[in-house]
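Inspection log for the structure reproduced underneath, given as structure tokens.
Residue numbers run from 1 in the order of the sequence given.
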Amino acid sequence: MIKNSGLRDFGKALLVTGLFAFFFYRSVWALPPMALVGWLYLLRSRRHRRRDRNRQLLVQFKECIQAVAASMRAGYAVENAFLESIVDVRNMFGENCAMEQELIQLRQGLANNVTLEVLLAEMGQRCGLEEMREFAEVFAISKRNGGSIPVMVDAASSSISRRLAVEEEMETLLSARKLEQRVMNAMPFMIVWYVEVTNPGYFDMLYGNPVGVALMTVCMGVYLAAYALSERIFTRTFGER
């Protein structure tokens, strides 16, 4: 799955490279410098994919600790509650989901007599989610000081649920703006394509001469700056994990 996603992103990056080389310069000699644009697009795709993966993992983690809290209310010890949550996570998100793999590593650690506090801390560091790291820290403090683990787990689950609800509401409110952004990003290419189809040779003067190359380079810079600004606005709105 991850390998296929990486290949798709790489293919799209090659397509972007070719599109920019043809649209702005119509020359195969523009392919090497336009590879930089494709590389930036590849980084952007990986960043978005990582953000989506983190959000999905956070949802799975929330369901995991909810299952842990339910098992503890039924009388399970906290270690056994985490082991029992593997079945719930698998049933909800399918086999080999990210959280199931993390819980399997946790089970192996417990079998090797590693403490649950250490395993949760390692899980948080490995996954790179702030919520998981904070949960591990609070869990370690609660267990060390004799705090109520079920209450702490319930509080953590509620906190994550509220955050996810807020993010989902923001996503809904801004979905129309994101669609507008995609349309505006494609509009220059569509306009030029339409004019070129209806008036063949209309833009020939912009290609194959120093003045035209300079003008198209400026146009590309303006387009990339506008694209970067729109991406920055949405990144600041949703945050970056």
Side-chain angles (χ1 to χ4, degrees), residues 44 46-94 96-107 116-181 230-241:
R44 175 244 185 209
R46 289 177 175 175
R47 185 172 65 251
H48 284 206
R49 191 176 300 280
R50 183 173 63 250
R51 186 178 64 189
D52 293 340
R53 174 258 181 194
N54 287 346
R55 178 179 172 81
Q56 184 179 20
L57 182 57
L58 184 59
V59 172
Q60 295 176 8
F61 179 68
K62 181 201 70 171
E63 298 297 336
C64 169
I65 59 178
Q66 285 181 343
V68 169
S71 296
M72 293 185 69
R73 286 193 293 269
Y76 283 82
V78 63
E79 289 82 3
N80 292 332
F82 270 97
L83 297 180
E84 289 295 321
S85 68
I86 297 178
V87 178
D88 296 278
V89 170
R90 182 186 299 128
N91 291 336
M92 293 189 66
F93 302 104
N96 298 321
C97 66
M99 196 65 230
E100 182 190 11
Q101 297 302 314
E102 293 296 333
L103 290 172
I104 289 175
Q105 291 191 47
L106 185 145
R107 180 175 62 189
L116 182 58
E117 301 94 296
V118 172
L119 293 172
L120 289 175
E122 291 177 350
M123 181 190 298
Q125 293 296 326
R126 189 165 53 246
C127 295
L129 291 182
E130 180 181 354
E131 291 82 359
M132 296 179 71
R133 291 193 294 264
E134 291 178 350
F135 176 84
E137 292 173 2
V138 175
F139 179 87
I141 294 172
S142 297
K143 193 168 185 182
R144 185 165 56 246
N145 296 332
S148 177
I149 301 297
V151 171
M152 186 275 297
V153 172
D154 279 331
S157 175
S158 300
S159 176
I160 295 175
S161 297
R162 287 193 297 270
R163 171 163 187 158
L164 290 173
V166 170
E167 290 184 355
E168 184 176 353
E169 184 176 356
M170 291 172 60
E171 185 80 31
T172 301
L173 291 173
L174 293 177
S175 58
R177 297 292 177 266
K178 295 179 76 173
L179 178 60
E180 292 175 2
Q181 179 200 19
S230 64
E231 284 286 308
R232 184 176 180 84
I233 291 173
F234 279 102
T235 298
R236 284 181 173 271
T237 301
F238 289 107
E240 192 71 31
R241 289 185 179 275

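Using modelled atom types, one side-chain atom of Ser85 and one backbone atom of Phe82 make a donor-acceptor pair closer than 3.5 Å. At least one donor-acceptor pair under 3.5 Å links the side chain of Ser161 to the backbone N or O of Ser157. Ser71 places a side-chain N or O within 3.5 Å of a backbone atom of Ala67 that can act as its donor or acceptor partner. Side chain of Glu100 to backbone of Asn96: a donor-acceptor contact under 3.5 angstrom is found.
With Arg163 as the fixed residue, the salt bridge (Lys or Arg N to Asp or Glu O under 4.0 Å) test singles out one of Glu131, Glu130, Glu168: Glu131.
Separating the NE2 atom in His48 from the CZ atom in Arg46 is a distance of 14.0 Å, to the nearest 0.5 Å. Rounding to the nearest 0.5 angstrom, the gap separating the CZ atom in Arg53 from the CZ atom in Arg50 is 9.5 Å. Considering NZ of Lys62 and CE of Met132, their distance stands at 14.5 Å, rounded to 0.5 Å.
More than 12 heavy atoms of other shown residues, nucleotides or ligands fall within 6.0 angstrom of atom CZ in Phe93. Heavy-atom contacts from other residues, nucleotides or ligands closer than 6.0 Å to CD of Glu134 number more than 12. Shown here is Gln101, whose CD atom has more than 12 heavy atoms of other residues, nucleotides or ligands within 6.0 Å.
Under the 4.5 Å side-chain criterion, counting only non-hydrogen atoms from C-beta, Gln105 is not in contact with Leu119. For the pair Leu83/Glu79, no side-chain contact is recorded, criterion being any heavy-atom separation below 4.5 Å from C-beta on. By the 4.5 Å heavy-atom criterion applied to side chains, Val68 and Met72 are counted as neighbours. The shortest side-chain heavy-atom distance between Gln60 and Leu57 falls under the 4.5 Å cut-off. When side chains are defined from C-beta on, Arg73 counts as touching Asp154, because their heavy atoms get closer than 4.5 Å. Residues Ile160 and Phe135 fail the side-chain proximity criterion, which asks for heavy atoms closer than 4.5 Å.
Closest non-hydrogen pair, Cys127 versus Asn54, comes out as O-OD1, 4.3 Å. The minimum heavy-atom distance between Leu120 and Leu106, with the atom names listed, is CD2-CD1, 3.9 Å. Contact record, Met99 with Phe61: SD-CA, 3.8 Å, taken as the closest heavy-atom pair.
No salt bridge links Arg144 with Glu117; every basic N to acidic carboxylate O contact stays at or beyond 4.0 Å.
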Go through the steps for Gln125 and Glu122 under the test side chain to side chain contact (heavy atoms under 4.5 Å, CB included), then give the verdict. CA-CA 5 Å; Gln125 293 296 326; Glu122 291 177 350; 5.8 Å; no
